[in-house]
Amino acid sequence: MKPARPQPARSRSLAIGVRAVGAMALAITLASCSLFGGGNGGSSAAKGAPGQADPSIVDAAPAELRSYYSQQVDWKPCEGGDFQCAKIKVPLDYGKPDGDRIEIAAIKLPTTGDKKGTLLVNPGGPGGSGYDFVRDAANTNISDKVRSAYDIVGFDPRGVKRSAPVTCLTDKERDASRAKSYALDTDAGLNEALADNKAIAAKCVEKTGPVLAHIDTVSAAKDLDILRGVANDAKLNYLGYSYGTRLGSTYASLFPDNVGRLVLDGAMDPSLSQEELTSDQAVAFEKALHSYVAKCQQTSGCPLTGSVEAGVQQIHNAITAAEANPLPAKDGRKVSGSTFVSGLIIPLYNNDNWPILTRALATALSGDGTGMLQLADFGADRDPSGTYSSNSTFAFNAINCLDYPMVSDTASMRAEDQELRKASPTLGYYFAYGASNCKDWPYKNLRTPAPAEYSGSAPIVVVGTTGDPATPVEWASALRKQLGNASLLTWKGEGHTAYGRSNSCIGNAVDDYLVDGKVPADNTVC
């Protein structure tokens, strides 16, 4: 997902997921082996009539869930163009499949050619909307070759936007929360943040209801199998970016025999603790910041002078100055150090957006925080009118609190803060104290980090990017090893994820795998 900073603490700006692609002024367009022989890998067109379940797929499902796999899905035209939309019923609690149900919102871009099957897509997060990704970005990020072979289906995972969403604050309350800044390295500041987090958690419980306890990734992966089933695909064909790779690897561990063609781009290492993820990301964003400064200093209009280290120090000084005296923005709001950092890391997702950061930094260094605030607002899904278009920040926090045990005692968080400052001198502090967001969360974690375990016969493709700040390239190598039956593709580039924004080497390899079943040679570097 975007590096939406957890609410309300400055806490860590954990950046796993949604991809920013393209550069249109400040309105950045959003965007997170061998042949399969004669198997069903990517060619799994429906056997039943449209909207009707394939009996063989229903029979293969767990007995207690067959009513979900056999449900008739009513796809209706929506959103203009060729899109179709539907809602798919899933259990609220997989431990009680006969209990309450929730609905998963999905959108379909029908194939432009002879259908091989359905390609389900997740853009990242946790908290990213696959519905929005397919509606807004599938045409530009998924190749014509893939679109001609598959129905492309995006969905909002449970807890996200249209699918039993996590709901906590009004838009005005969100503005007020984001405007707060805490001196988390002081007892008074940390206690204030913890009190505010606890109050927000209570509002999440009140406004969201029982689903808040059941939006973990394992439950989402089980939803994914129902989505596969109602699409009448014998095997899951899936494109997951960033957090979507954790959802995908979780699926592969749970349903190895149902894996078709899975592309996991911007891979996460599921064996890492939250603290290890945070440390690796802080280092990767610091590295990306240095790469940005080096490029900035080679272009006209760059406000950063001297060496690369001197340029990075100028950014560090600007953050520190904004912490002490927040910068004014043209709409009357203020840009604190934490808001400055939130805006700073958004363009690091895609080097095409670096010129936007340069312009925002130039105005910030002259005393106007408007550009940095616009970037931070984009990361929070806030439009200029003050309307928030998604619940991604709240979903992000709620899902992570269920997915990870958090080390939230004060001494440990203080120690982590010091280590992060050493590892990432410019940004490390703003990645610290993430556990404060879950310290008083009403539901305990349901998952303990562990390596992926995949025993399926269908090879999986894992993709990493050498300059990825959000999912460091080392995570892709680790996931490939854990999966075993997998092939690793690496793009030598900057930014988050590769497919749809890199080069023809990556694009052709992924396309040939998804459409033709041709698995790229392991450790291919593009």
OH on Tyr69 to CD1 on Ile88, rounded to 0.5 Å: 13.0 Å

Applying the side chain to side chain donor-acceptor pair (under 3.5 Å) test to Arg382, which of Asp175, Asp171, Thr387 qualifies? Asp175

Do [X] and [Y] meet the criterion of a side-chain donor-acceptor pair at a distance under 3.5 Å?
X      : Y      : result
Asp151 : Gln84  : no
Asp511 : Tyr499 : yes
Thr465 : His496 : no
Asp409 : Ser412 : yes
Tyr404 : Glu275 : no

From the list Tyr241, Trp491, Tyr349, side chain to side chain contact (heavy atoms under 4.5 Å, CB included) partner of Thr497 resolves to Tyr241

The test is salt bridge (charged side-chain N to carboxylate O under 4.0 Å, His left out); show your working for Arg228 and Asp233 and say whether it passes. CA-CA 6 Å; Arg228 172 202 63 80; Asp233 277 12; over 6 Å; no

Does the side chain of Leu272 come within less than 4.5 Å of Trp475's, by heavy atoms? yes

Are the side chains of Phe394 and Thr167 in contact, using a 4.5 Å heavy-atom criterion? no

Show the numbers, then the answer: is there a salt bridge (charged side-chain N to carboxylate O under 4.0 Å, His left out) between Lys145 and Asp512? CA-CA 9 Å; Lys145 181 175 181 177; Asp512 290 348; 2.7 Å; yes

Paired with Asp196, the salt bridge (charged side-chain N to carboxylate O under 4.0 Å, His left out) test is passed by just one of Arg178, Lys439, Lys180, Lys203, namely Lys180

Qualifying side chain to side chain donor-acceptor pair (under 3.5 Å) pairs, either residue in residues 210-221, two or more places apart: Asp216-Ser219, Thr217-Tyr243, Thr217-Arg246, Thr217-Asp403

Within a 6.0 Å radius of atom CG on Asp82, are there more than 12 heavy atoms belonging to other residues, nucleotides or ligands? no

Surrounding CD of Glu173 (heavy atoms of other residues, nucleotides or ligands, distance under 6.0 Å), is the total greater than 12? yes

